[in-house]
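Residue numbers begin at 1 in each chain, while the letters A, B, ... track the order of the sequences. Nothing here was measured: the structure is a model prediction, and the numbers come from that model.
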There are 2 protein chains.
Amino acid sequence: MGRLKISPVVKMPIEVQATTALRNAIVSGAIRAGERITEIQISQQMNLSRATVRTALHQLAKEGLLTLVPYTGWTVVSLSAEDVWELYTLRSAVERLAAQLVASTITPAKAARLTEALDVLIQECKRGDTARIAEADFGLHKTIVLLTDHGRLGFQYGLIEQQTRMHIRSSYAIIPSPKRIIEDHRPIVEAICAGKADLAGRLSEQHHLAEGEKHLAHLKRLEKQEPAKTSAAAPRSARKRAPAT
Amino acid sequence: MGRLKISPVVKMPIEVQATTALRNAIVSGAIRAGERITEIQISQQMNLSRATVRTALHQLAKEGLLTLVPYTGWTVVSLSAEDVWELYTLRSAVERLAAQLVASTITPAKAARLTEALDVLIQECKRGDTARIAEADFGLHKTIVLLTDHGRLGFQYGLIEQQTRMHIRSSYAIIPSPKRIIEDHRPIVEAICAGKADLAGRLSEQHHLAEGEKHLAHLKRLEKQEPAKTSAAAPRSARKRAPAT
DNA sequence: GCGCTGGCTATTGTCGCCAATCGACACACC
DNA sequence: GGTGTGTCGATTGGCGACAATAGCCAGCGC
């Protein structure tokens with residue numbers, strides 16, 4: 001009597017499912033940045049008790065996707081220039097660490113996975129579909145982070161990624177040319193695979209700082225052309241110069 | 001008719017107060033690492049509804065202080081060697097970024113605050129009380145992070161700090177000599193105040209990696225002397241070598 | 001003696017309802 | 001017209017009760 005060919009049912013509390021569905025709705029743009037939402041509205045749409053929805057919303061607030069004014073309401077964050085600066089500087093630090101960790105523990109198997117992810121990115125760049133290029137780009141970076149086998153780093157990276165995705169969807173992000181994307185990413189992967197931790201870390205950090213600064217300058221130009229849009233949400237910080245490296 | 005001299009009442013929802021009280025209880029060691037707690041037990045002790053306590057516990061789980069097995073119970077995390085590795089590597093990256101950011105935007109006022117925090121640390125090292133030295137040490141690092149004016153960085157640092165504090169309380173942490181502490185910290189502060197972002201970042205990163213590795217080696221020696229203690233909690237990761245720099 | 005099954009207990013999950021708070025608006029007074 | 005006060009509606013905060021789940025233990029069959 002062998003094993004039956006039945007897929008296991010994955011049990012998941014409703015709270016967790018609600019959190020996941022709401023996170024996806026926010027990150028995908030189905031619920032827009034800056035939008036006000038209420039527990040009542042969401043509980044009716046999801047056919048769940050308000051308390052269950054409330055737990056989910058609190059979780060997402062902790063992830064930086066929502067802000068709550070007690071007794072008043074919830075707002076999906078809308079990222080200001082300062083938020084953008086925070087995200088790309090933090091991402092540069094996290095990804096520097098990831099590149100260093102993977103490079104210092106590189107194995108043929110890890111190198112193969114990295115090379116494969118880079119190949120996917122290169123193929124998408126040749127195809128030219130910007131959405132698929134962006135996905136492959138995220139995929140390569142996620143692979144580096146996953147190869148660290150560092151749970152907290154992966155968690156932190158996930159928070160940064162989802163906020164970055166939200167922002168890209170709700171703004172007029174500039175997309176580097178496919179040629180440039182390949183030129184930027186290949187040396188990072190090569191340094192990691194060659195076990196050059198210091199070089200890999202520096203290249204990775206530089207890549208994100210450079211892209212972040214370009215994007216920020218672009219946003220500033222857009223702001224000059226339009227009335228300032230009110231920014232809900234994340235703690236405001238004064239903009240600082242990027243760290244010299 | 002001018003302003004009355006009455007201090008404003010700081011309103012804080014009970015949920016937030018409960019979260020803060022529980023966080024303090026965990027970080028201070030009043031609730032021990034590895035301990036199992038239940039919503040019912042905590043709600044009775046705090047004289048609050050279980051639902052309120054539940055919200056608080058979920059928040060703290062998100063901060064990495066607790067883990068939940070659905071329908072079964074909550075456990076205060078007990079940090080394994082792998083967790084320690086994760087914390088100090090992540091801390092090294094975060095503090096590297098902080099040092100770089102402050103150094104690249106240094107002002108006389110910031111330099112004064114940093115120098116003051118270093119002076120406090122030096123004074124405590126002369127006094128020799130290890131608890132006060134540790135507090136002054138944390139205080140200096142927190143000052144650097146706060147001077148970045150980077151909300152997300154401060155939040156991330158706070159998570160690392162509280163988990164580190166928990167671990168220090170629940171383990172036989174080795175404390176560096178006061179002389180060594182001064183030798184390690186002074187060059188970091190000097191580099192930051194001199195606006196040398198690259199040097200400040202490297203020194204800061206190195207400081208945490210070196211201390212972390214020493215501590216980890218110490219833990220490994222302790223583990224060899226005792227039966228393995230079961231580790232609740234945080235995602236397990238394989239130990240990796242520290243990144244070369 | 002071992003493995004399986006069922007029942008019980010203890011816990012978290014989810015619900016609906018009452019309580020507390022905030023913001024907007026109307027009204028009264030100066 | 002401006003300011004202060006009170007009320008109301010909309011929202012979140014907090015509660016206790018019922019539902020769902022997991023783990024443990026006793027009993028039974030082989």
For Gln163(A) and Arg152(B), which I'm curious about, is there any donor-acceptor pair between the side chains at under 3.5 Å? yes

Which label fits Trp74(A) and His58(A): parallel for a plane angle under 30°, tilted from 30 to 60°, or perpendicular past 60°? perpendicular

Mind jotting down which residue pairs meet the ring pair (Phe, Tyr, Trp, His ring centres under 6.0 Å) criterion with at least one end in residues 20-54 of chain A? Sequence neighbours excluded, please. none

Would you give a per-nucleotide map of nucleotides 8-17 of chain C, 5' to 3', where B means the base has a protein non-hydrogen atom under 4.0 Å away, S means only the sugar-phosphate does, and - means neither? ---BBBBBBB

In chain order, what residues pass the side-chain contact (heavy atoms from CB on, under 4.5 Å) check against Ala217(A), with sequence neighbours excluded? Arg221(A)

Using a cut-off of strictly less than 4.0 Å, decide whether Lys11(B) has a side-chain nitrogen or oxygen near OP1 or OP2 of dC22(C). yes

Evaluate the ring planes of His150(B) and Trp85(A), with Trp represented by its six-membered ring, and classify them as parallel (under 30°), tilted (30 to 60°) or perpendicular (over 60°). tilted

